Q: 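The structure under discussion is supplied below as structure tokens; questions concerning it will follow.
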Number of protein chains: 2
Amino acid sequence: MDLECLVCSEKIEAIGCGLTETEVGLLRDITIAVQYKPKEVLFHEADTQEYYYQLTEGVVGVYNILPSGRRVILEILFEGDFLGPFGKGVYPYSSVALTKATLCRFPKKQMDNLIKISPDLKDKLNMFQENALNKARTHLLGMAHKSPLERLSSFLLLLFNNLYKATNSENSFEIPMGRQEMADYLSLTSETVSRAFTELSDKQIITLDTPSHITIRQIDQLYAMVCGGPSLEDCPHQFG
Amino acid sequence: MDLECLVCSEKIEAIGCGLTETEVGLLRDITIAVQYKPKEVLFHEADTQEYYYQLTEGVVGVYNILPSGRRVILEILFEGDFLGPFGKGVYPYSSVALTKATLCRFPKKQMDNLIKISPDLKDKLNMFQENALNKARTHLLGMAHKSPLERLSSFLLLLFNNLYKATNSENSFEIPMGRQEMADYLSLTSETVSRAFTELSDKQIITLDTPSHITIRQIDQLYAMVCGGPSLEDCPHQFG
DNA sequence: CGCGCGGTTGAGAACGTTCAACAAAAGTGG
DNA sequence: CCACTTTTGTTGAACGTTCTCAACCGCGCG
């Protein structure tokens with residue numbers, strides 16, 4: 001997974017995004033790769049924006065804290081996903097590394113200037129935004145009138161399709177977060193998530209080797225849980 | 001409410017969106033205003049895209065039907081909101097008029113061509129997309145771990161802020177849809193929505209003159225229901 | 001070795017849904 | 001314009017499910 005970020009990639013240099021060599025060089029100079037440990041916060045809601053990020057390795061979550069004190073994880077980001085731009089001024093949400101994560105960090109000010117002069121760069125960022133909109137709508141759909149089992153099933157498929165589909169033939173992988181984080185993403189409690197895991201396990205649909213190492217035994221059953229049909233094609237709205 | 005659509009407005013001609021007089025003229029020729037009655041469908045999910053729309057009057061909903069047969073209303077559109085572009089190919093959701101509605105209808109093909117040559121037009125549409133993303137995230141936040149009372153309260157404030165805030169001093173207005181539609185938007189049953197209405201009524205926070213004519217008696221209580229504080233400022237994430 | 005954290009499991013309470021009856025409003029036809 | 005029919009909204013009781021609170025387990029770490 002040697003993913004290169006927007007500015008590191010050869011491609012962006014090749015097509016240029018309408019930027020001169022000098023400009024790309026400038027951006028490259030001020031852009032660094034940053035590393036985070038699990039549960040480290042990248043930025044806080046309502047802080048003034050300083051950076052945009054692109055995730056090159058690991059999994060990152062974006063969340064708000066409700067007045068009640070509850071945390072809602074709005075979106076989960078995977079490799080290649082982009083964080084920003086976010087309207088003007090301050091961050092509209094907080095961001096936390098769910099696993100060890102590597103990101104390319106772009107200073108907002110300079111990036112904004114480059115966006116202004118490069119239509120291609122702007123297009124690229126709009127693509128990311130469109131992607132974010134699709135993810136948000138899909139998630140909304142996934143939360144509406146769904147049981148914990150359905151929610152967890154669709155979540156596991158989301159992980160599987162985004163992280164591990166190509167990598168191994170065993171259909172077994174490490175879940176990149178804890179029960180509470182899944183609960184905050186799925187609008188459940190951690191106990192209910194736990195019960196849903198044992199239920200999927202009892203039904204022989206998955207196996208849990210450890211709480212976070214999972215093997216999918218009947219992926220068709222997982223799809224059926226979510227969509228009614230046994231494969232991805234039966235899910236008109238799910239998984240991008 | 002004499003809102004003019006993207007192509008009808010003087011502004012777009014003035015700044016030109018990078019288009020020539022001829023091009024704007026062309027677009028205007030092929031763009032017509034269309035009217036819908038309540039519950040009329042503008043387009044169906046999975047149909048091939050033919051048109052984009054901009055809502056100039058009324059309220060429109062966007063929805064998907066789940067495999068279970070349940071309808072989920074993903075977004076509610078108000079005056080000025082734009083429908084499209086939606087990725088490539090087919091509509092990703094259906095769209096229905098909730099009230100009598102007037103929209104400007106743009107043929108997709110020609111519109112796409114104009115987008116290609118006009119950066120300003122593209123920017124405008126990206127603004128709409130950003131707006132849609134914010135709405136989706138706000139809605140997601142509003143559904144997470146919320147009671148029917150909280151959901152209905154935030155929904156009523158959404159309506160109030162989008163439709164009636166400036167228009168009258170009485171804080172009384174017509175709800176532009178039925179109980180079932182609100183239920184589908186709030187992920188509840190129509191019975192639960194009904195109960196939530198009577199509860200707000202019992203608490204003297206609202207008055208229901210008819211099922212759809214509402215007067216907000218204590219708007220601070222409505223805000224408190226949603227955010228904890230008594231005014232819009234206490235809601236960091238709500239209502240745009 | 002024992003403490004602490006994350007995860008699992010259980011019992012009870014709280015809440016929303018379901019099903020059903022009823023009431024009110026809107027639409028239809030004489 | 002009124003009576004009839006249909007649709008929409010309200011209310012009640014029973015049920016099922018998730019949350020809450022609490023105990024317990026297992027693993028890792030000091």
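Order of the sequence lines sets the chain letters (A, B, ...), proteins ahead of strands, with each chain counted from 1. Nothing here was measured: the structure is a model prediction, and the numbers come from that model.
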Q: Taking only residues two or more places apart in sequence, or in another chain, which ones meet A:Arg70 in a side-chain hydrogen bond (donor to acceptor under 3.5 Å, both in side chains)?
A: none
Q: For the pair made of CG in A:Leu208 and P in C:dG7, what is the distance, rounded to whole Å?
A: 11 Å
Q: At how many degrees, to 10°, do the end axes of the helix from C:dC1-D:dG30 to C:dG30-D:dC1 meet when each uses five pairs?
A: 30°
Q: Which part of the nucleic acid, if any, lies within reach of A:Thr210 when heavy atoms closer than 4.0 Å are counted: base, sugar-phosphate only, or nothing?
A: nothing
Q: List in numerical order all residues of residues 193-200 of chain B for which some heavy atom is under 4.0 Å away from an atom belonging to DNA chain D.
A: B:Ser194, B:Arg195, B:Thr198
Q: Rounded to the nearest angstrom, tell me the gap between atom NE2 in B:His213 and atom C1' in C:dA26.
A: 18 Å
Q: Give the ring-plane orientation class for B:Tyr185 versus B:Phe155, where under 30° counts as parallel, over 60° as perpendicular and anything between as tilted.
A: tilted
Q: So where does chain A start and stop touching DNA chain D, 5' to 3', when the test is distance under 4.0 Å to a non-hydrogen atom?
A: D:dT18 to D:dC21
Q: Give the rounded distance in Å between these two atoms: CD of B:Glu191 and P of C:dA23.
A: 17 Å
Q: Give the rounded distance in Å between these two atoms: CZ of A:Arg179 and P of C:dC5.
A: 19 Å
Q: Identify, with sequence neighbours excluded, every residue that meets side chain to side chain contact (heavy atoms under 4.5 Å, CB included) alongside A:Asp202.
A: none
Q: Taking only residues two or more places apart in sequence or in another chain, which ones pass side-chain hydrogen bond (donor to acceptor under 3.5 Å, both in side chains) with A:Ser187?
A: none
Q: Taking B:Glu181 as the fixed residue, which of B:Val96, B:Leu98, B:Val59 is the one that meets the side-chain contact (heavy atoms from CB on, under 4.5 Å) rule?
A: B:Leu98
Q: Could you list the residues that satisfy side chain to side chain contact (heavy atoms under 4.5 Å, CB included) with B:Val34, not counting sequence neighbours?
A: B:Ile32, B:Tyr36, B:Tyr53, B:Leu103, B:Arg105
Q: State which residues pass salt bridge (charged side-chain N to carboxylate O under 4.0 Å, His left out) with B:Arg195; sequence neighbours excluded, sorted by chain then number.
A: none
Q: Return the set of residues passing side-chain hydrogen bond (donor to acceptor under 3.5 Å, both in side chains) with B:Arg137 (not counting sequence neighbours), or none when no residue passes.
A: A:Glu75
Q: Considering residues at least two apart in sequence or located in another chain, which fulfil the side chain to side chain contact (heavy atoms under 4.5 Å, CB included) criterion with A:Lys108?
A: A:Gln49, A:Tyr52, A:Asp112
Q: Could you tell me which residues satisfy side chain to side chain contact (heavy atoms under 4.5 Å, CB included) with A:Leu208, sequence neighbours excluded, listed by chain and number?
A: A:Arg179, A:Phe197, A:Ile206, A:Ile214
Q: How would you list, by chain and number, every residue that makes a side-chain hydrogen bond (donor to acceptor under 3.5 Å, both in side chains) with B:Ser212, sequence neighbours excluded?
A: B:Glu174
